[in-house]
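Side-chain atoms are counted along with the backbone in the values below, which use heavy atoms only and exclude waters and symmetry mates. Counting begins at 1 with the first residue of the sequence. Counting starts at 1 for both ligands and their atoms, in listed order.
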Amino acid sequence: MRIQGYKMRNLLNCISLMLVALALVVTATPDAHAKKKKIPKKPKYVGSVKCNGSCHDPYYQAWKNTPHGKSFISLKAGEKADAKKAAGLDPEKDYTTDPTCLRCHTTGYKQSGGFKPAGSKSKKGKDTSTAIDPDEPNKEQVGCEMCHAAAGGSQFRVVMKNTKGDFKKADAEKYGLRWDYANVCTRCHMHPQSPHKDEKFDFEGTKGTVHQIDKYFTEDNADQKLEKVKDRAQETAVSQEKALLIEDWEVSDKGKLKFKKGTKPWSTKKKSALYKE
Ligand code: HEC
Ligand code: HEC
Ligand code: HEC
């Protein structure tokens, strides 16, 4: 009897252990799956608020206080009158819907997911203009994606999320994250279409000022120190060796912005980045 009871208890212990294990597997598995998001097939602009999310708050807060985070405000009537006069522009005019300004002063204008100015409408006449919240600069400014993306951040953002930041430069570069910083500034600075003809641009002298994160860490975002940045600094991305193409564009007589063929840095057909020769 004693032996029997001992065996019985052993068996019960065993069963309860198995049940606990099963419960763990059942609860853990769907969770893990739910967290891995599918990488979107086509890149599109998502906006700086999405990059902030739960990952890049110090970068967002720092950026918000730079000219890039306020670039849309400069297009409003009455703002920056002297700079406008110097560029031969009318200080009293509202430029916030002017295609000749939006390419360089907003995010992803005329590209998938990008900024749409007031008055934009779908074919059915529905208002599709981008909502603007003055407290949360987003697609209406020169956002993160204008410097970090070949064609918008939707794809590599998912890679970053799925890996919780533990990715190689090449992993995210495959989905359009770009590392050719000196080249990307020329999307706007010193661009042949710029009305600011007297511009002087110093990449080396200013690259460190685009988001100085050190003073933007708080109690709430202290866990957002990017541990892997140092490791990645040892790697060389393809775009650091050969720069990506840079969009060339013009505004037609009808006031429409068009990208010139063969100048876009991302091929939607090949689903890959396009480099300069
Ligand atoms: C999408 C266009 C765009 C890109 C790309 C871009 N900038 Fe700018 N940048 C602007 C605009 C527009 C302003 C002016 C914002 C305002 O005050 O309205 C500006 C302003 C600046 C300023 C302050 C004004 C000045 O000339 O001193 C600096 C510095 C600067 N950018 C550096 C950079 C660097 C470095 C890069 C590349 C890593 C870069 N920018 C990429 C559009 C761009
Ligand atoms: C090719 C890109 C490009 C286009 C197009 C462009 N800008 Fe700019 N804009 C810049 C850059 C880069 C700067 C910062 C460097 C500078 O001030 O020269 C800037 C600066 C400015 C500033 C000065 C901001 C400051 O803080 O002093 C104003 C105002 C401005 N732009 C208005 C406009 C308006 C209005 C248009 C359209 C008519 C326009 N821009 C078109 C790239 C562009
Ligand atoms: C005007 C261009 C520009 C804009 C806008 C910009 N960045 Fe950057 N970013 C840079 C440059 C240039 C560097 C490299 C800085 C250096 O080497 O000093 C960088 C570096 C970074 C890094 C470190 C990457 C690594 O692994 O080395 C992160 C993360 C980052 N930026 C996030 C952001 C976020 C988030 C935003 C928007 C809130 C943003 N950036 C907006 C130009 C920009």
Side-chain angles (χ1 to χ4, degrees), residues 47-53 55-91 93-109 114-115 137-138 141-149 153 157 160 165 167-169 172 177-213 216 224-235 237 246-251 257:
S48 301
V49 170
K50 280 254 159 71
C51 307
N52 182 7
C55 304
H56 293 310
D57 189 56
Y59 286 88
Y60 178 84
Q61 300 304 337
W63 163 81
K64 196 174 160 175
N65 289 308
T66 66
H68 293 128
K70 298 172 184 167
S71 53
F72 187 72
I73 301 168
S74 298
L75 303 181
K76 294 185 176 175
E79 296 283 342
K80 310 276 170 74
D82 291 342
K84 282 180 185 151
K85 276 186 213 150
L89 300 166
D90 179 357
K93 195 178 154 188
D94 172 19
Y95 287 102
T96 58
T97 59
D98 190 327
T100 53
C101 317
L102 297 176
R103 163 70 191 158
C104 300
H105 279 259
T106 70
T107 298
Y109 175 62
F115 175 75
N138 200 11
Q141 318 289 350
V142 174
C144 327
E145 292 164 291
M146 289 312 275
C147 292
H148 289 291
R157 179 173 174 265
M160 289 171 175
F167 61 90
K168 297 260 182 283
K169 276 184 179 173
L177 182 72
R178 62 192 300 161
W179 300 87
D180 55 339
Y181 295 132
N183 181 42
V184 80
C185 315
T186 63
R187 258 184 175 167
C188 309
H189 291 272
M190 311 297 284
H191 194 279
Q193 312 286 0
S194 179
H196 317 295
K197 299 293 178 207
D198 298 334
E199 186 189 358
K200 288 177 194 74
F201 182 61
D202 171 13
F203 171 71
E204 287 302 331
T206 58
K207 67 172 181 192
T209 68
V210 294
H211 38 43
Q212 290 170 301
I213 52 174
Y216 292 96
Q224 295 183 16
K225 288 220 169 70
L226 305 180
E227 308 292 346
K228 299 290 166 186
V229 166
K230 276 191 199 135
D231 297 341
R232 274 194 293 273
Q234 310 300 316
E235 302 162 15
I246 279 288
E247 298 91 341
D248 207 353
W249 47 268
E250 57 192 3
V251 179
L257 183 133

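Aromatic pair Phe115/Phe72: ring centres closer than 6.0 Å. Between Tyr181 and His148, the gap from one ring centroid to the other is short of 6.0 Å.
None of the N, O or S atoms belonging to Cys101 lies under 2.8 Å away from atom 8 (Fe) of ligand 2. For residue Cys188, no N/O/S atom approaches atom 8 (Fe) of ligand 2 to within less than 2.8 Å.
Distances from ligand 2 to the non-hydrogen atoms of Arg103 include no value under 4.0 Å. Under the 4.0 angstrom criterion for non-hydrogen atoms, Phe72 is not in contact with ligand 1.
Counting protein heavy atoms only, atom 7 (N) of ligand 2 is closest to His196 NE2, 2.9 Å. Residue, atom and distance of the protein heavy atom nearest to atom 37 (C) of ligand 1 are Cys185 SG, 1.9 Å. Counting protein heavy atoms only, atom 40 (N) of ligand 1 is closest to His189 NE2, 2.8 Å. For atom 18 (O) of ligand 2, the closest heavy atom belonging to the protein is Glu199 CG, 3.5 Å. Ranking the protein heavy atoms by distance from atom 20 (C) of ligand 3 puts His211 CE1, 3.5 Å first. Protein heavy atom nearest atom 13 (C) of ligand 1, with residue, atom name and distance: His68 CD2, 4.3 Å.
Residue Tyr60 approaches ligand 3 through these ligand atoms, each under 4.0 Å from one of its heavy atoms: 38 (C). With ligand atoms numbered from 1 in the order given, ligand 1 contributes 16 (C), 17 (O), 18 (O) to contacts under 4.0 Å with heavy atoms of Ser74. Counting atoms of ligand 1 from 1 in the listed order, those under 4.0 Å from a heavy atom of Met146 are 1 (C), 5 (C). Residue contact check: Cys147 has heavy atoms under 4.0 Å from atoms 41 (C) of ligand 1. If you number the atoms of ligand 2 from 1 as listed, the ones under 4.0 Å from a heavy atom of His191 come out as 1 (C). Atom numbering of ligand 1 starts at 1 in the shown order; those under 4.0 Å from a heavy atom of His105 are 12 (C), 18 (O). Which parts of ligand 3 touch His56 is read off a 4.0 Å heavy-atom cut-off, strictly below it: atoms 29 (C), 35 (C). Remark: ligand 1 atoms within the under-4.0 Å shell around heavy atoms of Pro67 are 15 (C), 16 (C), 17 (O), 23 (C). In summary, the atoms of ligand 1 found under 4.0 Å from a heavy atom of Lys80, numbered by their order in the structure, are 17 (O). Ligand 1 places these atoms under 4.0 Å from at least one heavy atom of Val184: 5 (C). Close approach of ligand 3 to Arg232 is summarised as follows: ligand atoms under 4.0 Å from at least one heavy atom of the residue are 26 (O).
When non-hydrogen atoms are compared, ligand 2 lies under 4.0 Å from the side chain of Ala83 (C-beta onward) but not from its backbone. Residue contacts with ligand 3, taken as heavy atom pairs separated by less than 4.0 Å, do not involve Lys228 at all. Neither the backbone nor the side chain of Asp98 has a heavy atom within less than 4.0 Å of ligand 2. With a 4.0 Å heavy-atom cut-off, ligand 3 is reached by the side chain of Trp179 but not by its N, CA, C or O. Residue contacts with ligand 3, taken as heavy atom pairs separated by less than 4.0 Å, involve Leu226 solely via side-chain atoms from C-beta onward.
Evaluated by nearest non-hydrogen atom to atom 34 (C) of ligand 3, the leading choice among Cys51, Cys144, Gly143, Ala62 is Cys144. Residue Cys104 holds the heavy atom nearest to atom 2 (C) of ligand 2 of all those in Pro195, Ala81, Ala87, Cys104.
Distance check on atom 31 (N) of ligand 2: some protein heavy atom falls below the 4.0 Å cut-off. Less than 4.0 angstrom separates atom 27 (O) of ligand 1 from none of the non-hydrogen atoms of the protein. For atom 5 (C) of ligand 1, a protein non-hydrogen atom is found at a distance below 4.0 Å.
Side-chain contact, Lys76 with Thr96: no donor N or O sits under 3.5 Å from an acceptor N or O. A donor-acceptor pair shorter than 3.5 Å cannot be found between the side chains of His56 and Gln224.
The shortest N or O to N or O distance between Glu79 and ligand 2 is not under 3.5 Å.
A salt bridge between Arg103 and Glu247 is present, with a side-chain N of the basic residue lying under 4.0 Å from a carboxylate O of the acidic one.
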